[in-house]
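Below is one structure, written out as structure tokens; comments come after it.
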Amino acid sequence: MNGLDSLRAALVRAAVQIGAPADIAPVLERPRDPAHGDWATNVAMTLAKPLGKKPREIADALIAALDTKAAGVSEASVAGPGFINFRLSTADLASGIARILQSGEQWGKGTGGNGRAAMVEFVSANPTGPLHVGHGRQAALGDSISSLLASQGWKVTREFYYNDAGVQIANLALSVQARLRERAGDALVIPEGGYHGDYIREIAERYAAEFPNDPRGEQLEQVRQVAVRELRKEQDLDLRAFGVQFDNYYLESSLYTDGLVDKTVSGLQKTGHTFEDDGALFLRTTSFGDDKDRVMRKRDGTFTYFVPDVAYHVTKFERGFTRAINVQGADHHGTTARVRAGLQALDMGVPKGYPEYVLHQMVTVMKSGEEVKISKRAGSYVTVRDLIDEVGRDAVRYFFLMRKGDSQLVFDVDLARSQSEENPVYYIQMAHARLCGIFRVGEVDATRVTGEGLDWSVLDTPEERELVKALLDWPAFVATAAENLEPHRVANWLLETARMVHTWYHKCHVLGEPEPIMQARLALAKAARITLANGLGLLGISAPERM
RNA sequence: GCGCCAGUAGCUCAGUUGGAUAGAGCAACAGCCUUCUAAGCUGUGGGUCGGGGGUUCGAUUCCCUCCUGGCGCGCCA
């Protein structure tokens, strides 16, 4: 039982004494304003109606009935409309640091996932070009969401779905063929819906070098294979540069070769939710919340992308993933209802909200005050690798994660590359490096700072109390971020906590202070360093020891 | 027309799931380096939380409605 639980229990006992029902669960929260104490509860206000008394009267009665010693608080007072504010002694508050030091890299981990399997699918770019900034946002989000879930005890698989079948791949092959023909002396004719970028020309060069006997790319299937292979290689390099590792790549083409597409269609026909109209096969997705019925098999006999999509998600369910989370651009949001509808129509026990979607809005890249246009087809291009080369992996990660996915993101290249106070990622890393510097300069072996036998009451400056509270809140904070699949919460938390660290660093000197103070502050410094490092780790950002 | 998302300080955005006087960074102004990193710290000013209703002890947060912007609404993926 930690301190908060005993406070809550004591509060319930007091409430029952004054006539409240025993099943209340008082909400305790950190007041925004430190002058309001270390914890606060609104329980008196929620009891006003059932008890028929004024909130402040109830609060007074509660405090009178409260066993403050058992609750672990040094002071309780009524404030505002009926809040009860609690204050802890500095020693009680700061002794929590020992838990951080004991936990180390485990600090912030939770057990809510309970070892169940979750899949996070992200990036899933068509192999028709390099990864652009939108994929970058997905890569950062997906990787961090995976880490968040893993931190809460989920067994996470990161998967990349490879759309290596379909019309766009055919266009890719034709585009490379067009460049090959240009190269062989023909006029350049890029097909309708084809790709214009320079990378197409590079692939043509490689093909020509590899197959000198086919200079015009007549062997279209062979051209396709080379193009997909080369682009996969490029995308792998992009991902490696970004530090993202997938556990599995799932090929769309395998859904056809393994017969899963046909199986899905016959399964849907069997459950009776399909119908034919005008030579095409439809799924009655409107029965499952979609706003119109969807074509499964076109009049020309081929399937729409929606069918392999459903087949793919069937495999996720059958592979035993309790949760499937898809990270995608908001332009795909139209597909969410129909994939879910397809799974429901199969009537195989898939939960209604399966899969879950994390959709993110567009990214605009600003440079020198101007928007850099992204257009794959037109060939002007901002790739993930461009960004990483220009501003570094850590900054790219942070910038993609610092905004809520629902917000459009402006990526300011000049800000991201500036190594100054304006740049949040350097600010946070600097806080970490400074804490390391204390141990380095003081020649203190950090492994020997265990938090045992210290006088915690010396950490009683306002800066120290606030920092300690923030650090102790970290596990609850990670749990919330994981629950909401929102890494930006971690990014913002780190920025705020880094600010507290910098303030504390200036206000509270460590080395050369009297022994009890120095030892307690070393423990605090180490606890802050651990927490910052763990937080940066969840975002995939390095925690440098010096800068 | 319908659906999803957004609208908070001059700019870019948070807001701990309905709490107390709505926050941060940048930009502006004024200060701080013989002591652990000035890539830093301290202070000042800045608001009709898009508008209007409603729900209640209490709303930036929940509901309704309107306005503005983005995305989607294909037998493309």
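Proteins get letters first, then strands, A, B, ... in listed order; numbering begins at 1 in each. Just so you know, these numbers come straight off a predicted model, no measurement behind them.
With both ends at atom P, the span from B:rC26 to B:rG18 equals 31 Å, rounded to whole Å. B:rG47 and B:rA24 have their P atoms separated by 14 Å, with the value rounded to a whole Å. Comparing B:rU48 with B:rU8, their C1' atoms are spaced 12 Å from each other, to the whole Å. Separation of the P atoms belonging to B:rA38 and B:rG45 is 28 Å when rounded to the nearest angstrom. Taking atom P on both nucleotides, B:rA27 is separated from B:rU21 by 32 Å, rounded to a whole Å. A distance of about 13 Å separates the C1' atoms of B:rA14 and B:rC49, rounded to the whole Å. For the C1' atoms, the distance linking B:rG23 with B:rC63 amounts to 27 Å, nearest Å. Rounded to whole Å, the separation between the P atoms of B:rG53 and B:rG15 comes to 27 Å.
With rounding to the nearest 0.5 angstrom, the CG atom of A:D293 is 3.5 Å from the OG1 atom of A:T286.
Under 4.0 Å is where a charged nitrogen must lie from a carboxylate oxygen, and between A:K469 and A:E466 at least one such pair does. No salt bridge links A:K316 with A:E159; every basic N to acidic carboxylate O contact stays at or beyond 4.0 Å. One finds a salt bridge joining A:D38 and A:R465 here, because a Lys/Arg side-chain nitrogen approaches an Asp/Glu carboxylate oxygen to under 4.0 Å. A salt bridge is absent between A:R440 and A:E545: the closest approach of a Lys/Arg side-chain nitrogen to an acidic carboxylate oxygen does not fall below 4.0 angstrom. Look at A:D5 and A:R8 and you find a salt bridge, because one of the NZ, NE, NH1 or NH2 atoms lies within 4.0 Å of a carboxylate O, short of that distance.
Taking the side chain of A:V510 as heavy atoms from C-beta on, and the options B:rC36, B:rA77, B:rG40, the nearest nucleotide is B:rC36. Taking only side-chain atoms of A:H502, from C-beta outward, the nucleotide of B:rG40, B:rU37, B:rA77 with the closest atom is B:rG40. Closest to the A:V410 side chain, of the nucleotides B:rC13, B:rA77, B:rG70, is B:rC13. Of the candidates B:rC36, B:rU37, B:rU42, the closest approach to any side-chain atom of A:R546 belongs to B:rU37.
Between the side chain of A:Y426 and the base of B:rA39, no donor-acceptor pair of N or O atoms lies under 3.5 Å.
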What N/O pairs connect the protein and nucleotides 2-4 of chain B at under 3.5 Å? Give each pair on its own line.
| residue | atom | partner | partner atom | Å |
| --- | --- | --- | --- | --- |
| B:rG3 | N2 | A:H333 | NE2 | 3.3 |

Dump the pairs, protein N or O against N or O of nucleotides 15-20 of chain B, anything under 3.5 Å, distances to one decimal.
| residue | atom | partner | partner atom | Å |
| --- | --- | --- | --- | --- |
| B:rG15 | OP1 | A:H488 | NE2 | 3.0 |
| B:rU17 | O4 | A:N484 | OD1 | 2.1 |
| B:rU17 | O4 | A:N484 | ND2 | 2.1 |
| B:rG19 | N7 | A:N42 | ND2 | 3.0 |
| B:rG19 | O6 | A:N42 | ND2 | 3.3 |
| B:rA20 | OP1 | A:R32 | NH2 | 3.2 |
| B:rA20 | OP2 | A:R32 | NH2 | 2.2 |
| B:rA20 | N6 | A:N85 | OD1 | 2.8 |
| B:rA20 | N1 | A:N85 | OD1 | 3.0 |
| B:rA20 | N1 | A:N85 | ND2 | 3.2 |

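Ranked by how close their nearest RNA chain B nucleotide is to the 5' end, A:E496 and A:K507 are led by A:E496. Nearest-nucleotide assignment on RNA chain B puts the 5′-proximal partner with A:K49, out of A:K49 and A:D277.
Side-chain atoms of A:R137 come within 3.5 Å of backbone atoms of A:Q361 as a donor-acceptor pair (strictly under, hydrogens ignored). Side-chain atoms of A:T497 come within 3.5 Å of backbone atoms of A:W493 as a donor-acceptor pair (strictly under, hydrogens ignored). Using modelled atom types, one side-chain atom of A:Q235 and one backbone atom of A:N126 make a donor-acceptor pair closer than 3.5 Å.
In this structure, A:G512 reaches neither bases nor backbone, as no heavy-atom distance under 4.0 Å exists between it and the strands shown. Contact annotation for A:A48: no contact, since no heavy-atom pair falls under 4.0 Å across all strands. Base engagement by A:C508 is indicated by at least one non-hydrogen atom pair under 4.0 Å involving a base atom.
The distance from atom CZ of A:R294 to atom P of B:rC76 is 13 Å, rounded to the nearest whole Å. Between the CE atom of A:M296 and the P atom of B:rG74 there is a distance of 18 Å, rounded to whole Å. Atom CE of A:M430 is separated from atom C1' of B:rC41 by 12 Å (rounded to the nearest Å). At whole-Å resolution of the value, CG in A:D406 and P in B:rC71 are 16 Å apart. In this structure, A:Y398 places its OH atom 12 Å from P of B:rG25, rounding to the nearest Å. A straight line from CD1 of A:I428 to C1' of B:rG25 spans 11 Å, rounded to a whole angstrom. Whole-Å rounding puts the A:Y505 OH to B:rA39 C1' distance at 12 Å. Rounded to whole angstrom, the span from the OH atom of A:Y162 across to the C1' atom of B:rA77 amounts to 15 Å.
Each of A:H432, A:Q429, A:R397 was compared with A:S542 under the side-chain contact (heavy atoms from CB on, under 4.5 Å) criterion, and only A:Q429 meets it.
Between the side chains of A:N326 and A:H313, at least one donor N or O lies within less than 3.5 Å of an accepting N or O.
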RNA chain B in dot-bracket form (Watson-Crick or G-U pairs under 3.5 Å, [ ] crossing, | inter-strand) is (((((((..((((.....[...)))).(((((.......))))).....(((((..]....))))))))))))....
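Between A:P55 and A:P81, the shortest heavy-atom contact is CB-O, 3.4 Å. In plain terms, the two heavy atoms of A:A125 and A:H135 that are nearest each other are CB-NE2, 3.4 Å.
Residues A:Y357 and A:H332 keep their aromatic ring centres 6.0 Å or farther apart.
Applying the 90° criterion around 0 to the glycosidic angle, B:rC33 comes out syn. In this structure B:rU17 sits in the syn conformation; its chi angle is within 90° of 0.
Phosphate proximity of B:rA38 to A:R434: present, with a side-chain N or O under 4.0 Å from OP1 or OP2.
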